[in-house]
Amino acid sequence: MPSLIDDIQAEQIPMEVYFRHLHQHPELAFEETESAAYIAGLLRQWGYEVTEGIGGTGVVARMQLGDGTTSIGLRADTDALPVPEMTDLPYKSKVAGKSHTCGHDAHTTMLLGAAQYLARKGNFNGTLNLIFQPAEEIMAGAPAMLGDDLLRRFPMDYMFGLHNMPGLEAGTLYLTAGPVMAAVDNWEIELTGKGGHGSMPERCIDPLVAGSALVMSLQTIVSRNVAAQDAVVVTIGAFNSGEAGNVIPQNAVLRLSVRSRDPDTRTRVLDRIRAITAATAEGYNVGFEIREGQPGAVLVNDDEQTRICTEVACRLLGEERVVNPGPTFMGSEDFAFFAQQRPSVYGFLGNGDTPMVHHPEYACDPANLPVGAAYWVAITQHYLR
Ligand SMILES: [Zn+2]
Ligand SMILES: [Zn+2]
């Protein structure tokens, strides 16, 4: 029996054409209008029921075949980055200052390739939902699609995602049960005192001193409240207060990013930030406001479904090209919000020894396109059989 990858290639699905088109026309988060129109146009040609404008510029394509009652969602991301591409590729970005340096063009192409193959063969039984999600880079596309009632309008039992990863063996799939990517919470804390003349601190309440104490106290969370084997980062990346040496300022603003890899630890760390902020503010007699951003989410792969996907991948690629458990990352991914709602599996496809994603010289390995497409086909045929 020829392998599924060979079979997809024998069908002469022009994935390179889709890939080059998307690569040359990168669009930033929530501006993916031309990409969405291109994707939707192709999917309609192939017989999918296509809905556009979900979560802004998101596209969902649905196909139901046979009498199977299982429904799955395969998700690709579509947005590019505000990075000037510095490659010599013949299909280099045509848009100044923007590029597909995270490889979302390849993710989209893999899903399109699988979509075309599956529509042509018609060999699955159940409901297939193809989700082309915008704005992954700003962690906003998945929440926007969920907010647009994605799961009610397109019921799905399981969801799946895939990201290419430089530094991992090209053409090899890495699957890991449990937490695979970190949650990021971006918060702002404002301390309000009473400004005045620098010579008369007794008539003022100094938010700068309170803020300084708070910066130091927050550093104790990782060392004193988190187990040594548990990965957490608390970074105070901005501390803005005051202008002049002889003026006590009115307020101080701290900006934090907090990364965590375990949902319970995340809750504990955020609770400690709230408590330390309140106690420090009371101790220094300043007012405080904590502005909590979009809640972060740890990307947690479902144990049982990860085991199943690993089996499917081993049959597809051979055991030597499937790694479980694979590496996990402190970066973040908004697929995590889907994984909170449905049992999900998010895998990594090695991109070989290339510059890292987001680097201006990053280039996605086009040899991976049929591998990714075949993985999607194999997952579909396994779950919808
Ligand atoms: Zn990225
Ligand atoms: Zn990405």
Side-chain angles (χ1 to χ4, degrees), residues 3-5 8 72-78 102-115 128-133 136 142 156-182 261 297-352 354 356-357 364-365 367-384:
S3 83
L4 189 51
I5 296 173
I8 289 172
I72 63 169
L74 309 180
R75 174 273 210 172
D77 36 18
T78 60
C102 205
H104 297 183
D105 49 350
H107 305 161
T108 296
T109 301
M110 291 167 186
L111 194 51
L112 287 172
L128 175 63
N129 296 285
L130 308 172
I131 299 155
F132 295 87
Q133 182 214 297
E136 190 284 323
M156 289 175 268
D157 301 307
Y158 308 99
M159 296 183 74
F160 304 91
L162 189 64
H163 206 295
N164 79 95
M165 188 54 74
L168 302 181
E169 198 78 31
T172 296
L173 200 61
Y174 297 77
L175 296 165
T176 308
V180 287
M181 292 195 82
R261 261 200 350 209
V298 180
L299 203 178
V300 183
N301 278 339
D302 182 81
D303 289 351
E304 174 64 5
Q305 306 316 315
T306 304
R307 190 187 62 72
I308 292 171
C309 287
T310 303
E311 281 176 15
V312 170
C314 284
R315 281 200 296 274
L316 174 71
L317 301 171
E319 279 178 25
E320 65 288 354
R321 286 171 67 199
V322 180
V323 178
N324 180 350
T328 61
F329 300 93
M330 284 308 279
S332 304
E333 160 60 73
D334 72 355
F335 183 82
F337 296 104
F338 297 136
Q340 283 181 332
Q341 302 294 327
R342 294 291 180 272
S344 294
V345 181
Y346 187 82
F348 297 98
L349 183 56
N351 196 54
T354 65
M356 186 41 72
V357 287
C364 189
D365 181 358
N368 265 340
L369 297 174
V371 181
Y375 175 65
W376 288 141
V377 171
I379 291 290
T380 303
Q381 293 183 336
H382 178 82
Y383 279 85
L384 307 181

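In this structure, CZ on F338 lies 11.0 Å from CG on L299, to the nearest 0.5 angstrom. How far CH2 of W376 is from CG of L4: 13.5 Å, rounded to the nearest 0.5 Å. We find the CD-CZ distance between Q381 and R315 to be 11.0 Å, quoted to the nearest 0.5 Å. With values rounded to the nearest 0.5 angstrom, L130 atom CG is found 13.5 Å from R75 atom CZ. Rounding to the nearest 0.5 Å gives a distance of 4.5 Å between CG of L112 and CZ of F132. Taking CG of L128 as the start and CG of L74 as the end, the distance is 5.5 Å to the nearest 0.5 Å.
Residues M165 and Y174 have side chains not in contact (no heavy-atom distance under 4.5 Å, counting atoms from C-beta outward). Within the 4.5 Å cutoff, no side-chain heavy atoms of S344 are placed close to those of D302. Side-chain contact between H382 and C309 is absent, with no heavy-atom pair separated by less than 4.5 Å. Taking 4.5 Å as the limit, every side-chain heavy atom of L175 sits out of range of all side-chain heavy atoms of N301. Side-chain contact between I131 and L111: absent, with no pair of heavy atoms (C-beta onward) separated by less than 4.5 Å. Between I308 and V345, the closest side-chain pair of non-hydrogen atoms is not below 4.5 Å. When side chains are defined from C-beta on, M110 counts as touching N368, because their heavy atoms get closer than 4.5 Å.
When all heavy atoms of A339 and V300 are compared, the pair lying nearest together is CB-O, 3.8 Å. Summarising the geometry of A297 relative to Q340, their closest heavy-atom pair is CB-NE2, 3.4 Å, with the distance given to 0.1 Å. Taking both residues in full, the closest heavy atoms of P179 and V298 are given as CB-CG1, 3.8 Å, listed atom of the first, atom of the second, then distance. Residues P370 and I5 approach most closely at CB-CG2, 4.1 Å, considering heavy atoms. Among all heavy-atom pairs drawn from A114 and A373, the shortest one is CB-O, 3.6 Å. Residues V357 and P166 approach most closely at N-CG, 3.7 Å, considering heavy atoms.
Remark: E311 pairs with R307 by the salt bridge (Lys or Arg N to Asp or Glu O under 4.0 Å) rule, at least two apart or across chains. In this structure D77 satisfies the side-chain hydrogen bond (donor to acceptor under 3.5 Å, both in side chains) test together with H104, H107, sequence neighbours excluded. Here T306 pairs with nothing under the side-chain hydrogen bond (donor to acceptor under 3.5 Å, both in side chains) rule; sequence neighbours left out. In this structure Y383 satisfies the ring-ring contact (aromatic ring centres under 6.0 Å, His included) test together with Y158, F160, sequence neighbours excluded.
Applying the side chain to side chain donor-acceptor pair (under 3.5 Å) test to every pair with at least one member in residues 316-328, sequence neighbours left out, gives these pairs: R261-T328, T310-N324. Within the structure, ring-ring contact (aromatic ring centres under 6.0 Å, His included) pairs that include any residue of residues 299-334 comprise F329-F348 (at least two apart or interchain).
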**Prompt:** Is there a side-chain contact (heavy atoms from CB on, under 4.5 Å) between V377 and L316 once you walk through the steps?
**Reply:** CA-CA 10 Å; V377 171; L316 174 71; over 6 Å; no

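Side-chain N or O atoms of D157 include none that pairs as donor or acceptor with a backbone N or O of I72 at under 3.5 Å. Side chain of N351 to main chain of D365: a donor-acceptor pair is present (N/O by atom type, distance under 3.5 Å, no hydrogens or angles).
Partner Q133 forms a side chain to side chain donor-acceptor pair (under 3.5 Å) with one of D334, T108, T78 and no other, that one being D334.
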